[in-house]
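Hydrogens, waters and symmetry mates play no part in the numbers below; they use all other heavy atoms, side chains included. Just so it is clear: chains get the letters A, B, ... in the order the sequence lines come, proteins before strands, and each one is counted from 1. Note that the structure is predicted; figures quoted are calculated from it, not measured.
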2 protein chains.
Amino acid sequence: MPVTIYDVAREAGVSMATVSRVVNGNPNVKPLTRKKVLAAIERLGYRPNAVARGLASKKTTTVGVIIPDISSLFFSELARGIEDIATMYKYNIILCNSDQRMEKELQLINTLLEKQVDGLLFLGAEIKEDHLQALTSTSVPTVLAATRDADNVLPSVSIDHFQAAYDATEALVSRGHKRIAMIAGPANDPLAGLMRYEGYKKALKDAGIELDEELIATGNYFYESGLSTTKAFLALKNPPTAIFAANDEMAIGAIHAIQDSGLNVPGDIEVIGHDNIRLVEMVRPRLTSVVQPMYDIGAVAMRLLTKYMNNENVEEHVVLLPHRIEYRESTKPEQA
Amino acid sequence: MPVTIYDVAREAGVSMATVSRVVNGNPNVKPLTRKKVLAAIERLGYRPNAVARGLASKKTTTVGVIIPDISSLFFSELARGIEDIATMYKYNIILCNSDQRMEKELQLINTLLEKQVDGLLFLGAEIKEDHLQALTSTSVPTVLAATRDADNVLPSVSIDHFQAAYDATEALVSRGHKRIAMIAGPANDPLAGLMRYEGYKKALKDAGIELDEELIATGNYFYESGLSTTKAFLALKNPPTAIFAANDEMAIGAIHAIQDSGLNVPGDIEVIGHDNIRLVEMVRPRLTSVVQPMYDIGAVAMRLLTKYMNNENVEEHVVLLPHRIEYRESTKPEQA
DNA sequence: TTGGTTTTCATAAGCGTTTTCATAAATATA
DNA sequence: TATATTTATGAAAACGCTTATGAAAACCAA
């Protein structure tokens, strides 16, 4: 029923091949012919069928994006970066939520490959052997965003989580704190979970501060867990004087727990978060946070992927974006 | 290079048709044959080509989603609802950001139709004649989510914005307020902007309160605009005693502006927001807000779309989901 | 057995493009 | 003018699958 390239060809009095050339901007078409074809297209309201094109050309101008949870402030910002660059390079995005469940992740990889995506963007936490297996056994280029496989087999774009956490802790140390608590992420999250914890430990060690197990809690990145873990900290006989949370939501939970107990931030306890999501500006006091450039990670990852899809040369397949600390009112000015 | 259905057929000693039947779960295959085919598939690592299938079957099991901005807390929650239901019905999502720019919206509609999506979900603010034109001139079913066209031509899922705003204002009235300010949305946003404003006006009128232009500000839905408009309110010789903001982010901005000026919420000024995004729990005092069930809107819209795609019967093509007010600490308990 | 059903499968015709490949037309070169 | 190049076009073969159509096989009742 819909009008096809064949209809246009007949209407314009040329062959399908010529119509195809016109549609695809092939220069080898006489201007007059091009005009006739364009007129026919207009007259008939022809709309090229991208599926047929995909079959014939073996390109879909579509990339698959596997993301843990699009409703998270963190990932949705990343997704926006991905989509903007994708649009710039004329790609569309098939977006899938994985909830970090490995089984689902593997299944999604498969579905997306069935759909013949030209490339794959994988966001998640842990990259296991099965992931590597699935992602490397295809010729479809893949880039990891905001994560990294242990052996740097796959191209990836992220920040140096260890160093970022080190810097955050160090900032607290340099403010004279001895009892610095950490609300860490789950240990099965090697980067945002484990690496940040390692960075924290190293910073303490370098400062000659002994690790106190009581000051380490594990959260799940949600506000609620920041609230509850901090309540527990405050109940200690010797509570912390500073808290570093592995992400901002938990940090905000920490702030509220502190305030709810009648204490002051940063007066009594200083708090520093991680990621610098938009929320940090929407709390009082506003949250000091390690800037993780989510949008840029998405954008750079997508850009990197386009290079692989075009067989362009790539110098560095593991890119670490810079991080920094954005100081706000949840920490005191550094001592002179 | 990749293995095709033909390879599987040869390997299993059957015809392509039979392989196709097995892959698609057609029951008309002898168990033994099915087993042979499955074994061959396994052995060869066959992965069906969805593009070829799409061309042959004229179904892509893909739906297009046009969304203003995925990085917004509001829309990303909606998107999650859409995606979950889509997954449930075996559809994939092509996600596109429109930034509410009409030109881009129209272009995206076109692109998605080229990609032969089985259905279209459109989220945005204003539905103009051009949108209607583009969306009704195709046989691809479309559902509007979180918005509605003026004449209810297209299927849609949303809430009754007028009534919701009425209720919110009325709640403030019933608490004895006479000077109730509103931070409205842009007037070119017919539902969340205009309708909520109308609801506010009507509630005041019904309460016999005269409209004071000074107490009406227009924001852009961002935190910053809540902050600045409220600062202006506070500078009035006769400032408001209650504020209704057209969305939560602006309401939170309002709270902080009030607190920054040394006043108390809800003691001096009560604040009520709209949408009930996750943020409302992350402020002190926690924000009273009109619940707009974003996730459900997305989910219901997607479900509705599946019905159209399957030619199922649909009783009501314009669905209004219920709203309610969730009371928290930014408002005082109702007077006895 | 016979004839009628029902199952099970193979053949082959699309689906709407892109992309060789070959040829015709136009232009340049000698 | 004749020949060599270049440029424009068309014919037709993929691309990998679904889906009539219809034949063969298997089953059943009489």
Side-chain angles (χ1 to χ4, degrees), chain A residues 1-38 40-41 44-62 90 111 113-118 138-140, chain B residues 1-38 40-41 44-62 90 111 113-118 138-140:
Chain A
M1 196 63 52
V3 11
T4 75
I5 199 174
Y6 182 78
D7 301 320
V8 175
R10 184 154 28 75
E11 173 82 11
V14 300
S15 74
M16 298 166 38
T18 300
V19 177
S20 176
R21 289 194 192 91
V22 170
V23 170
N24 294 298
N26 184 316
N28 279 6
V29 178
K30 222 190 319 190
L32 177 63
T33 311
R34 179 186 311 279
K35 210 173 142 195
K36 278 194 305 184
V37 171
L38 256 15
I41 288 178
L44 266 39
Y46 169 65
R47 175 180 298 147
N49 181 325
V51 171
R53 171 182 298 174
L55 181 58
S57 69
K58 299 179 166 309
K59 295 202 171 317
T60 54
T61 60
T62 302
K90 314 272 189 220
T111 303
L113 292 178
E114 282 189 4
K115 295 233 167 173
Q116 311 298 119
V117 293
D118 294 340
T138 164
S139 64
V140 173
Chain B
M1 196 65 52
V3 10
T4 74
I5 199 174
Y6 182 77
D7 301 321
V8 176
R10 184 152 30 74
E11 173 82 10
V14 301
S15 75
M16 298 167 37
T18 300
V19 177
S20 176
R21 288 192 198 93
V22 170
V23 170
N24 294 298
N26 184 315
N28 282 2
V29 179
K30 220 192 316 193
L32 178 64
T33 311
R34 179 185 310 279
K35 211 173 142 195
K36 280 195 304 186
V37 171
L38 254 16
I41 288 177
L44 267 40
Y46 170 65
R47 169 150 46 213
N49 181 324
V51 171
R53 171 183 300 177
L55 181 57
S57 69
K58 298 178 166 310
K59 295 202 172 316
T60 54
T61 60
T62 302
K90 313 271 190 221
T111 302
L113 291 177
E114 282 189 4
K115 295 232 167 174
Q116 312 298 118
V117 293
D118 294 339
T138 165
S139 64
V140 173

**OP:** Hey, could you give me the CZ/CZ distance between A/R34 and A/R21, rounded to the nearest 0.5 Å?
**Re:** 11.0 Å

**OP:** Looking only at side-chain atoms of B/V14, point me to the closest of C/dA10, C/dG16, D/dG16.
**Re:** C/dA10

Original post:
In whole angstroms, how far is the P atom of C/dA24 from the CG atom of A/N28?
Top reply: 18 Å

Original post:
From A/L113 CG over to A/T138 OG1, what is the distance, rounded to the nearest 0.5 angstrom?
Top reply: 4.5 Å

Original post:
Across the strands shown, which category fits B/V51 at heavy-atom distances under 4.0 angstrom: base, sugar-phosphate, nothing?
Top reply: nothing

**OP:** May I ask you to verify if any side-chain N or O of B/K58 is less than 4.0 angstrom from the OP1 or OP2 atom of D/dC17?
**Re:** no

Subject >> Protein-nucleotide distance (B/E114, atom CD; C/dC15, atom P), rounded to Å >> reply: 20 Å

Original post:
Any sub-3.5 Å donor-acceptor pair from A/N26's side-chain atoms to A/N28's backbone N or O?
Top reply: yes

**OP:** Could you tell me the separation between the OH atom of B/Y6 and the P atom of C/dA10, rounded to a whole number of Å?
**Re:** 12 Å

Restricting to nitrogen or oxygen on both sides, can you table the protein-nucleotides 18-22 of chain D pairs closer than 3.5 Å?
{"unit_1": "D/dT18", "atom_1": "OP1", "unit_2": "B/N24", "atom_2": "OD1", "d": "3.3"}
{"unit_1": "D/dT18", "atom_1": "OP1", "unit_2": "B/N24", "atom_2": "ND2", "d": "2.9"}
{"unit_1": "D/dT18", "atom_1": "OP1", "unit_2": "B/R53", "atom_2": "NE", "d": "3.0"}
{"unit_1": "D/dT18", "atom_1": "OP2", "unit_2": "B/S20", "atom_2": "OG", "d": "2.5"}

**OP:** Mind checking side chain to side chain donor-acceptor pair (under 3.5 Å) for B/T111 and listing every partner two or more places apart, or none if nothing turns up?
**Re:** none

Original post:
Applying the side-chain contact (heavy atoms from CB on, under 4.5 Å) test to A/D118, which of A/V140, A/T62, A/T60 qualifies?
Top reply: A/T60

Subject >> Value in whole Å for how far the C1' atom of D/dA8 lies from NZ of A/K35 >> reply: 18 Å

Subject >> B/S20 (side chain) donor-acceptor with B/M16 (main chain) under 3.5 angstrom >> reply: no

Original post:
Are the side chains of A/T4 and A/N49 in touch, meaning some heavy atoms are under 4.5 Å apart?
Top reply: no

Original post:
What integer distance in Å separates B/K115:NZ from C/dG16:P?
Top reply: 18 Å

**OP:** Rounded off to whole Å, could you give me the CG-to-C1' distance for the A/N49 and C/dC15 pair?
**Re:** 8 Å

Subject >> For atom CG of B/D7 and atom P of D/dC17, their distance in whole Å >> reply: 9 Å

Original post:
For B/L55 and C/dT18, what is the distance between atoms CG and P respectively, to the nearest whole Å?
Top reply: 12 Å

